[in-house]
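Written below as structure tokens is the structure these notes are about.
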Amino acid sequence: MPTSATILLLLCMGINACAQERFFTFVDGWRAAMVTEEIGGYHLVGIGIAPSGGHHITITDVSFTGEEISNTDFFLDTIYSFSQRTNQGMVRFQNKWFVFGAALDNNQVFHGMILNYDTAFSTLDEPDYLNLDVGTMLNVVVRSTDTSMVLGASLQSSNETIYVRYFERTLSGNVLWQQNFYCGPGNCVLVPHHILPLSDGGYIFTLKEEHLCPTLAIEDIRSTLIRTDSVGNELWRIWPGTDRGTYRSGPWTVQTTDGDLLFAYTDRYTNECLPQGNDTNTVRFVKIDLESGDMLWEKDVRQALPTVPNDSITGYAYDITQMETLQDGNILLVGTEGFKGLSIKLTEEAEHIWHRAYLPPGHNLQTDPGYGQKLEILGFSETSDGGFIMAGEYLADPGTFYPNGLQSAFALKVDSYGCLEPDCQLADTLGTSIAEAELPELNMYPNPATDVLHIEMVYMSHQISDIRIIDMLGRQFPLIKGVSRNETGDSIIEFNISNLPTGIYILTIQFDEGRSVSRKFVKQ
């Protein structure tokens with residue numbers, strides 16, 4: 001495992017009261033899917049390579065400054081190989097961790113596997129194997145109560161039908177309820193991807209729905225949302241998004257403060273039995289009414305993100321691996337942007353605040369290109385210093401950067417702006433529009449501004465419903481404004497910004513039609 005790649009950068013600037021640590025470091029194993037902050041450092045769970053050639057569970061603790069503190073490898077019986085690819089495969093109860101996944105035996109049959117251990121590693125229990133049908137894979141888990149959890153599993157029956165089971169299980173192993181869900185007739189497969197506990201005690205199950213061609217190649221991947229009550233009874237099922245001409249990947253759902261849902265997905269391929277890369281792929285959002293399942297609006301952030309050419313060989317495009325509501329009420333999602341790791345911060349209305357792309361420090365794709373290079377962020381957690389700790393997998397073919405190639409898990413610590421490098425937010429493009437093209441043309445001046453900011457908007461029939469100013473941390477500030485008209489009928493809005501702290505801000509104008517336009521400005 002490389003040890004020279006740990007880079008620590010300290011940040012103490014501007015509005016931040018104390019330094020925020022930033023580092024990129026490789027850790028043991030080839031994939032880290034789950035990461036949390038603990039007393040004394042960060043806790044990562046992933047997969048390594050066992051001496052027998054199969055996979056094993058690797059658990060690593062990293063200090064707040066990026067040094068590896070300890071590593072524990074848990075090797076299964078020699079007939080098993082472990083797999084856990086999602087970040088929602090770990091749950092904590094007080095000082096006890098439970099890790100879920102699938103164990104593959106020598107007959108290529110999957111068994112659901114549960115490993116539990118305490119945070120001090122003083123006890124590491126033998127794993128439980130759940131054989132719920134002929135084949136069992138435990139995909140996702142969330143904590144339900146102080147003594148129980150809800151799991152989602154992919155099962156294969158004796159007639160090779162693949163279906164999904166969600167069930168609530170106590171810490172002692174008792175099943176409180178279970179419900180099976182099916183995809184429908186034909187070559188159709190459901191795969192659990194995410195569980196969202198709702199404020200009313202029910203759940204949103206987010207799944208991938210794969211439809212197969214007669215040749216068993218994947219023809220279509222949709223995103224399925226199922227709302228249930230507290231014991232898994234289905235209330236409605238929808239397939240959100242009107243863009244039905246592409247494969248869906250990375251579906252994720254959060255509940256917004258108004259009680260409704262924000263659903264996110266990416267569109268990596270076109271829908272064909274021999275899929276082609278989608279060169280217009282981006283991250284898309286759908287707002288959903290919780291009670292009815294009706295779609296309220298759709299948005300994407302294509303104008304705010306760089307274009308990432310895709311192809312059917314690598315599939316390297318935009319992808320989402322986790323999306324969560326932050327303590328400040330905004331949303332962070334992570335995943336990939338082509339060959340790079342990705343993070344995007346947005347408001348609950350899917351308004352872009354910032355986005356970041358990551359590679360190991362010093363690695364330049366321009367000088368060391370190749371299909372086999374990719375940094376994939378698989379999971380993240382907010383940290384007590386206001387930043388984020390991320391984990392994932394880095395893969396590199398032999399080249400000038402890594403002559404022998406590399407496949408390694410990593411820990412990535414960034415500050416509250418998502419920056420690995422100091423002050424990266426200062427390079428964000430100013431005056432960038434994230435609006436629909438048909439909305440009124442806006443002119444902002446002066447920019448930078450000190451006391452008064454003017455917005456001149458070409459007069460049209462659009463009615464303004466809301467105006468907001470947020471900083472790069474997503475905090476909203478009150479407005480003092482006045483509106484006038486010039487001789488051509490254009491609207492001129494003046495904002496008193498004299499009381500704003502120095503920094504970068506986003507001003508968003510929301511229209512009654514549900515669309516919005518935003519501009520960045522600098523307060524001096």
Side-chain angles (χ1 to χ4, degrees), residues 29-31 33-34 45-59 73-91 97-117 124-141 149-169 173-175 177-195 205 207-218 221 224 232 378 393 407:
W30 63 269
R31 187 178 183 92
M34 297 160 280
V45 177
I47 304 173
I49 302 298
S52 62
H55 298 157
H56 69 275
I57 301 171
T58 182
I59 302 167
D73 292 325
F74 187 84
F75 298 96
L76 307 183
D77 188 280
T78 55
I79 66 170
Y80 289 115
S81 175
F82 175 76
S83 177
Q84 171 50 259
R85 301 301 180 95
T86 70
N87 54 62
Q88 208 179 30
M90 178 173 67
V91 66
W97 285 104
F98 290 80
V99 178
F100 300 82
L104 183 66
D105 65 20
N106 290 341
N107 296 319
Q108 303 302 300
V109 175
F110 281 104
H111 309 263
M113 196 207 76
I114 304 174
L115 174 70
N116 67 85
Y117 58 92
L124 187 64
D125 297 343
E126 288 298 316
D128 292 331
Y129 295 98
L130 301 184
N131 297 309
L132 306 179
D133 210 325
V134 173
T136 301
M137 297 184 67
L138 298 178
N139 301 85
V140 290
V141 61
M149 63 198 84
V150 174
L151 298 96
S154 297
L155 308 181
Q156 183 172 359
S157 65
S158 57
N159 63 4
E160 298 188 353
T161 298
I162 298 176
Y163 62 101
V164 168
R165 177 176 298 173
Y166 290 94
F167 58 101
E168 185 171 1
R169 186 179 191 266
N174 296 324
V175 175
W177 58 262
Q178 65 180 35
Q179 300 286 352
N180 294 338
F181 297 89
Y182 298 87
C183 192
N187 294 322
C188 182
V189 175
L190 283 177
V191 180
H193 193 75
H194 177 231
I195 302 174
F205 299 145
L207 306 98
K208 291 182 179 180
E209 183 175 315
E210 299 178 358
H211 294 256
L212 307 181
C213 294
T215 59
L216 295 185
I218 297 178
I221 298 181
T224 304
L378 297 172
E393 176 187 352
Q407 185 176 20

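Positions are given from 1, in the same order as the sequence printed here. Side chains included, hydrogens not; waters and symmetry mates left out as well; all remaining heavy atoms used.
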Which distance, rounded to the nearest 0.5 Å, do you find between the [atom1] of [X] and the [atom2] of [Y]?
{"X": "M137", "Y": "H111", "atom1": "CE", "atom2": "NE2", "answer": "12.0 Å"}
{"X": "Y117", "Y": "F74", "atom1": "OH", "atom2": "CZ", "answer": "11.5 Å"}
{"X": "F110", "Y": "L130", "atom1": "CZ", "atom2": "CG", "answer": "15.0 Å"}
{"X": "M113", "Y": "T136", "atom1": "CE", "atom2": "OG1", "answer": "13.0 Å"}

Taking only residues two or more places apart in sequence, or in another chain, which ones meet [X] in a side-chain contact (heavy atoms from CB on, under 4.5 Å)?
{"X": "N180", "result": "Y163, R165, Y182"}
{"X": "V175", "result": "F167, Q178"}
{"X": "V189", "result": "I162, V191, E210"}

Item to check | salt bridge (charged side-chain N to carboxylate O under 4.0 Å, His left out) involving E393 - partner list, sequence neighbours excluded | outcome: R31
Check: [Y] and [X] side chains under 4.5 Å, non-hydrogen atoms:
{"X": "I57", "Y": "D73", "value": "no"}
{"X": "V141", "Y": "R169", "value": "no"}
{"X": "L207", "Y": "H193", "value": "no"}
{"X": "M90", "Y": "V99", "value": "yes"}

Checklist entry - Considering residues at least two apart in sequence or located in another chain, which fulfil the ring pair (Phe, Tyr, Trp, His ring centres under 6.0 Å) criterion with Y166? => result F181, F205
Where do [X] and [Y] come nearest, in terms of heavy atoms and distance?
{"X": "I195", "Y": "G152", "result": "CD1-N, 3.9 Å"}
{"X": "G48", "Y": "T58", "result": "N-CG2, 3.9 Å"}
{"X": "G89", "Y": "M34", "result": "C-SD, 3.4 Å"}

Item to check | All side-chain hydrogen bond (donor to acceptor under 3.5 Å, both in side chains) counterparts of Q179, not counting sequence neighbours | outcome: N233
Item to check | Test side-chain contact (heavy atoms from CB on, under 4.5 Å) applied to L151 and F98, step by step | outcome: CA-CA 12 Å; L151 298 96; F98 290 80; over 6 Å; no
Checklist entry - What residue among V140, N116, I114 forms side-chain contact (heavy atoms from CB on, under 4.5 Å) with F100? => result I114
Checklist entry - Distance only, no hydrogens: is a donor on one side chain within 3.5 Å (strictly under) of an acceptor on the other, for S154 and N139? => result yes
Checklist entry - Side-chain donor-acceptor pair under 3.5 Å between Q407 and W30, yes or no? => result no
